[in-house]
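Since the structure is predicted, the reported quantities are computational estimates derived from the model, not experimental observations. Each chain gets a letter, A, B and so on, in the order the sequences are listed, and its residues count up from 1.
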Protein chains: 2
Amino acid sequence: MADHDHWQKFFLVETAEGAQTLSFSRTPTVLLTFAANLFTRQSAAALTKQFDIGAMDWRMLVMLTRHPGASVALSAETIGIDKAAVSRSLSRLLDKKLVTCIAQDRDPRRKQWKLTKKGRDLHDDILVVVLSRLRKQLDGFTEADILDLSRLLEKLHKNLQA
Amino acid sequence: MADHDHWQKFFLVETAEGAQTLSFSRTPTVLLTFAANLFTRQSAAALTKQFDIGAMDWRMLVMLTRHPGASVALSAETIGIDKAAVSRSLSRLLDKKLVTCIAQDRDPRRKQWKLTKKGRDLHDDILVVVLSRLRKQLDGFTEADILDLSRLLEKLHKNLQA
DNA sequence: AATCATGAGTTGATATGACAACACGTAAGG
DNA sequence: CCTTACGTGTTGTCATATCAACTCATGATT
């Protein structure tokens, strides 16, 4: 993006009163939070209603399926959520007997977390519903669209981490 | 998307243990929440530190610049946030003398919210910083990339609203 | 052996956003 | 005129996510 003045003006809209502010339809980060809020709201509602589990706990089920034995710190880093929230989620999952925890090596600080059979079963049940919802959410997207969206979101994420 | 079994398998990754779960790098909605969380975390940190204002209140400043005289209900619908949160944000902004409120018509329920001069000045100051951050966040994006990202996020948002 | 630095994980407090219920007021219908 | 339905906005409560501070234990340094 060579001429940044040009680009900055691109994201602005001029109001009837002559003021300038962010365009709701042309600023990617505005669109990002709009879409993410709506997605999260709907996911939370569906997960709570059908499985009595929150979005954060579902995310942990995915994380521990992907990385059995993960620690709080590794999970926090992988899914981009503060470790305090991860710690709390694991505590809830432990209460529900969806995970087990084992100390790693002889270092009691390092805990390895794994799903129980009950946890794996719940994960598999929810995955079916999530994939079905995903299909509707991506209705009308071509394969190229999906690959582009993933590529661009990943690039944005990398820029944010820089 | 014709063959949905194909597509559903596309978002899945098989773990070393033979389990299937969502791919963190190929599922757009996973990438969406990753990017949105990181963006929100950084925005909140920067806004709080430099202007002593939260992300939600900033969003309301943009909303009222865009639509002076907007109501709680209109704002909630436009920015996709629950009206309870909008109501609270406006209350905070009122306390800080950044907005004023006038009843519409003769119906005391319908309130019109507008920025004060102090609110407009703060909005303008923050906008400069937000645009500067946006430039960094979109570093390496071509114009086509930005247009694509906006188009795809808007499409996803529409699918979520359906 | 003692001290210090560092990291893992937990907990208290807070911001954000949602859900539900409610008070209130207007408009519509009988 | 009375009743009902509906929408606006507020408030209580809760889930999510963060920030900060803390406890605890290990490894490094002296």
Exercise. How are the rings of B:H123 and B:W58 set relative to one another: parallel (under 30°), tilted (30 to 60°) or perpendicular (over 60°)?
Worked result: parallel
Exercise. Could you write nucleotides 5-14 of chain D as a row of B, S and -, 5' to 3', where a protein heavy atom under 4.0 Å of any base atom gives B, of only sugar-phosphate atoms gives S, and otherwise -?
Worked result: --BSBBBBB-
Seminar exercise, completed: One should read off an interatomic distance between A:L93 CG and A:L64 CG, to the nearest 0.5 angstrom, of 7.5 Å
Problem set entry | Spacing of CD1 belonging to B:I81 relative to CG belonging to A:N37, to within rounding of 0.5 Å | 4.0 Å
Problem set entry | For A:D121, salt bridge (Lys or Arg N to Asp or Glu O under 4.0 Å) partners two or more places apart | A:K117
Problem set entry | Counterpart residues, salt bridge (Lys or Arg N to Asp or Glu O under 4.0 Å), relative to B:R92 (two or more places apart) | B:D57
Exercise. Would B:K136 and B:D139 count as a salt bridge (Lys or Arg N to Asp or Glu O under 4.0 Å) if you check the C-alpha gap in whole Å, the side-chain angles of each, and the deciding distance to 0.1 Å?
Worked result: CA-CA 5 Å; B:K136 291 169 189 142; B:D139 186 51; over 6 Å; no
Exercise. Going by the salt bridge (Lys or Arg N to Asp or Glu O under 4.0 Å) test, which pairs reach into residues 153-162 of chain A, not counting sequence neighbours?
Worked result: none
Exercise. Heavy-atom contacts under 4.0 Å between residues 93-101 of chain B and DNA chain D, which residues?
Worked result: none
Exercise. Would you say the side-chain atoms of B:D145 and B:T142 include a donor-acceptor pair closer than 3.5 Å?
Worked result: yes
Exercise. Does the side chain of A:T78 pick up a donor-acceptor pair with the side chain of A:H67 at under 3.5 Å?
Worked result: no
Exercise. What are the residues of residues 29-67 of chain B, sorted by number, that bring a heavy atom to within less than 4.0 Å of DNA chain C?
Worked result: B:G54, B:A55, B:M56, B:R59
Exercise. Is it true that atom CD of A:E77 has more than 12 heavy atoms of other residues, nucleotides or ligands lying nearer than 6.0 Å?
Worked result: no
